[in-house]
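Structure record follows, encoded as structure tokens.
Bear in mind that the values here come from a model prediction, so they are computed numbers and not experimental data. Just so it is clear, the values below take in all heavy atoms, side chains as well, and ignore hydrogens, waters and symmetry mates. Starting from 1, each residue takes its place in the sequence as its number.
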Amino acid sequence: FFLMIRRPPRSTPLYSSAASDVYKRQVLSFLKFNDVLELRLISREFKDLIIPKCIHKISISKNAEEIKASQWKEEHCPIEFYRRLPHIFTFDLANISVCPQIIALMKEVFLANSSIRFQNYIGITFPHIGIIKDFCEIISSQKYCSTLNMSAIINIDEIIVQLKVLSTTRKEFFEGIKATNLSSNKIVNKDNVQDLLHLFPKTKELNLTGLGLAEDVVEIIGDISKSTTHLIMSLNGITPDLCKGLTFAFPKKLQKLDLSENWIGIGGLWNMKKWFEESGPQLRFLNLENNKIFKDEHDAASLAEVLIFIPNLEEFNIGMNSMEDSDLKKILPSILGMKKLRSLTLRCNMLTSVAAAEICDIIKHLRQLEILNLMQNRLADDGGALIFKGLAENPTLRLLNLSGNRIAGPCMDELIKFLVGPYNGSNLFLVFVGNMMKPKHKEMVMKQINEIREKKSKFSFNIQYSTHY
């Protein structure tokens, strides 16, 4: 449940009980306030109320720079309010300006309850650098924080400098961080990236998306914690030559590797073959989307040789790589060897109905597959009909995305036959946006589906026409 409580209009008495009346009638898990002053106003309504354990987070959605000092003192927030918050409570400060009022709020919260955690700082800004020191001192005082989300922060270099100063006296905080998100930051001094990574020696999940590391990537990755298991490196300008160095720089225990939106190509993957051979069996998630992998007829065969080293993948994304029908046919044996695969993304490639037979083999033989994303390919009605026939072979499939293909509608007869038959898939969701079906045909299909739904008590099939999944 989500409830946003807005500050009463100025014509409304300050001690209006409307908000508290709504609160008392609902079971909440999340409270969102427009600014700090609103939080202080509303909190007085909770004076005699025990905060239920179901509430796990408070969010402040914008800054409070316009609040005058006189208002701040007048609208005092009872310290008991924070003391009654559950141990798992977190404060979300994303996309706000860290003004003096925010610093004062953070100090109040810690004074009342040191177990409360501030951990989401996405897009925060600072009106002046002097506040950064106070901000870093507060966040590094946290004892129970395991996640540090510092994405898209304008003053990130100054924050890193301040955190380095505090690292010797706040070891409990720095060693407690297990997940760090530094994505979309414009870090001027690349040495600061290395310094920051050294501050969190026990980080297991690291997001470096969009840092533009390029030629610095090998040196920086070589400095990350050897215990890192999840690594996201999208949008870093990684080339095939840089992949040679990454072979020796990558941690050996990686379970998740996201290399999407780079320039790796098949040459880069081939240069990393030794790492895949040694560490590939531990990988559970691999994202290679938009890496210009299939450029000539031999690339698919080379990719197949790499994929045999990662048989335990649970999620695999190879979308936006100009894959053609012949490419899928060549890598099919390697994909079928991934017996634990739950999610496969082939979106935005060049697959036509010729590849429908291979797609059916994937549906039939990968019995753990729950998500198959085929959006924005070139599948026509004959390919769609073959895929719908194959659905009966896999009762675990939950999501089939065929959006943006060239299916006009006749193949939907095969879908209806499948649904009328001994349907075992309990929650199949078909996404069918942006195809070529006429409105009348859509209405007819929906009418047939509704008739089936009335006859089958446990029938929960859904089809989506209007928006992309």
Side-chain angles (χ1 to χ4, degrees), residues 283-286 307 310-319 328-329 331-347 349 351 353-375 377 379-405 407 409-433 435 437 442 444-465 468-469:
L283 269 184
R284 299 295 181 267
F285 175 101
L286 180 62
L307 294 181
I310 46 178
N312 297 315
L313 278 185
E314 296 177 10
E315 297 182 43
F316 183 34
N317 186 343
I318 196 168
L328 179 59
K329 188 172 185 177
I331 66 173
L332 180 65
S334 299
I335 292 178
L336 295 182
M338 302 174 184
K339 299 300 183 182
K340 298 179 180 179
L341 198 65
R342 295 184 294 105
S343 175
L344 177 62
T345 298
L346 301 171
R347 75 184 189 101
N349 280 301
L351 301 176
S353 295
V354 175
E358 283 71 34
I359 295 170
C360 284
D361 283 340
I362 290 172
I363 294 173
K364 179 179 179 180
H365 294 288
L366 296 181
R367 306 294 290 182
Q368 303 298 319
L369 192 66
E370 298 177 3
I371 300 173
L372 179 57
N373 191 342
L374 296 166
M375 69 179 290
N377 277 283
L379 296 164
D381 276 296
D382 52 345
L386 197 57
I387 292 171
F388 290 146
K389 283 182 180 179
L391 291 178
E393 303 288 343
N394 191 335
T396 63
L397 197 65
R398 297 290 179 266
L399 174 64
L400 175 61
N401 193 337
L402 289 171
S403 299
N405 280 279
I407 299 173
C411 68
M412 301 303 280
D413 293 340
E414 290 298 333
L415 175 64
I416 298 300
K417 290 179 183 177
F418 159 65
L419 297 176
V420 171
Y423 175 62
N424 294 319
S426 59
N427 292 296
L428 181 61
F429 182 23
L430 173 63
V431 187
F432 206 70
V433 180
N435 277 283
M437 285 182 65
K442 290 181 182 179
M444 181 185 70
V445 171
M446 289 307 300
K447 182 179 179 181
Q448 291 175 300
I449 292 174
N450 288 332
E451 290 175 353
I452 298 171
R453 184 175 285 112
E454 291 177 0
K455 296 177 181 178
K456 293 189 175 185
S457 58
K458 295 184 179 181
F459 183 80
S460 57
F461 173 83
N462 284 289
I463 186 168
Q464 180 180 351
Y465 288 121
H468 283 285
Y469 175 73

- request: With the side chain counted from C-beta on, respond yes when N312 and L283 share a heavy-atom pair under 4.5 Å apart, and no when they do not.
  value: no
Side-chain touch Q368/T396, heavy atoms, less than 4.5 angstrom: no
message: Just to verify, what does R347 make a salt bridge (Lys or Arg N to Asp or Glu O under 4.0 Å) with, not counting sequence neighbours?
response: E289
message: Using the side chain to side chain contact (heavy atoms under 4.5 Å, CB included) criterion, which residues pair with D413? Sequence neighbours excluded.
response: none
- prompt: Has the side chain of N462 got a donor or acceptor atom that lies under 3.5 Å from a matching backbone atom of F429?
  reply: no
statement: One should read off an interatomic distance between I362 CD1 and L369 CG, to the nearest 0.5 angstrom, of 8.0 Å
- request: Would you give the length of the straight line joining atom CG of L372 to atom CD1 of I387, rounded to the nearest 0.5 angstrom?
  value: 7.5 Å
message: In the structure I gave you, are the side-chain heavy atoms of M338 and L286 within less than 4.5 Å of one another anywhere?
response: no
query: Hey, are the side chains of Q448 and M412 touching, using non-hydrogen atoms and a 4.5 Å cut-off?
result: no
message: Contact between I452 and I416 at the side-chain level, heavy atoms closer than 4.5 Å - yes or no?
response: yes
- prompt: For E314, what residues pass the side chain to side chain donor-acceptor pair (under 3.5 Å) criterion, not counting sequence neighbours?
  reply: R342
message: Using a 3.5 Å distance criterion without hydrogens, assess whether the side chain of N405 forms a donor-acceptor pair with backbone atoms of I407.
response: no
field: Residues in salt bridge (Lys or Arg N to Asp or Glu O under 4.0 Å) contact with E358, at least two apart in sequence or another chain
entry: none
query: Among all residues two or more places apart in sequence or in another chain, which pass the salt bridge (Lys or Arg N to Asp or Glu O under 4.0 Å) test with K340?
result: none
- prompt: In Å and rounded to the nearest 0.5 Å, what is the CG to CZ distance from L428 to F418?
  reply: 6.0 Å
Residues that K339 engages under side chain to side chain contact (heavy atoms under 4.5 Å, CB included), provided they are two or more places apart: none
- line: Only residue of L379, N373, N377 satisfying side-chain contact (heavy atoms from CB on, under 4.5 Å) with M375 is N373
Residues which pass side chain to side chain contact (heavy atoms under 4.5 Å, CB included) with D361, listed by chain and number, not counting sequence neighbours: L332, H365
message: Please enumerate all residues that pass side chain to side chain donor-acceptor pair (under 3.5 Å) together with D382, with sequence neighbours excluded.
response: S353
query: To the nearest 0.5 Å, how far apart are OG in S334 and CD1 in I310?
result: 8.5 Å
message: Side chains of I359 and L386, heavy atoms from C-beta outward: is any pair under 4.5 Å?
response: no
query: Can you tell me how far the OG atom of S343 sits from the CZ atom of R398, to the nearest 0.5 Å?
result: 13.5 Å
task: Decide if atom NZ of K442 counts as having more than 12 heavy atoms of other residues, nucleotides or ligands within a radius under 6.0 Å.
output: yes
field: Check: L415 and F432 side chains under 4.5 Å, non-hydrogen atoms
entry: no
message: Taking salt bridge (Lys or Arg N to Asp or Glu O under 4.0 Å) as the definition, give me every residue that meets it alongside E370, ordered by chain and number, with sequence neighbours left out.
response: none
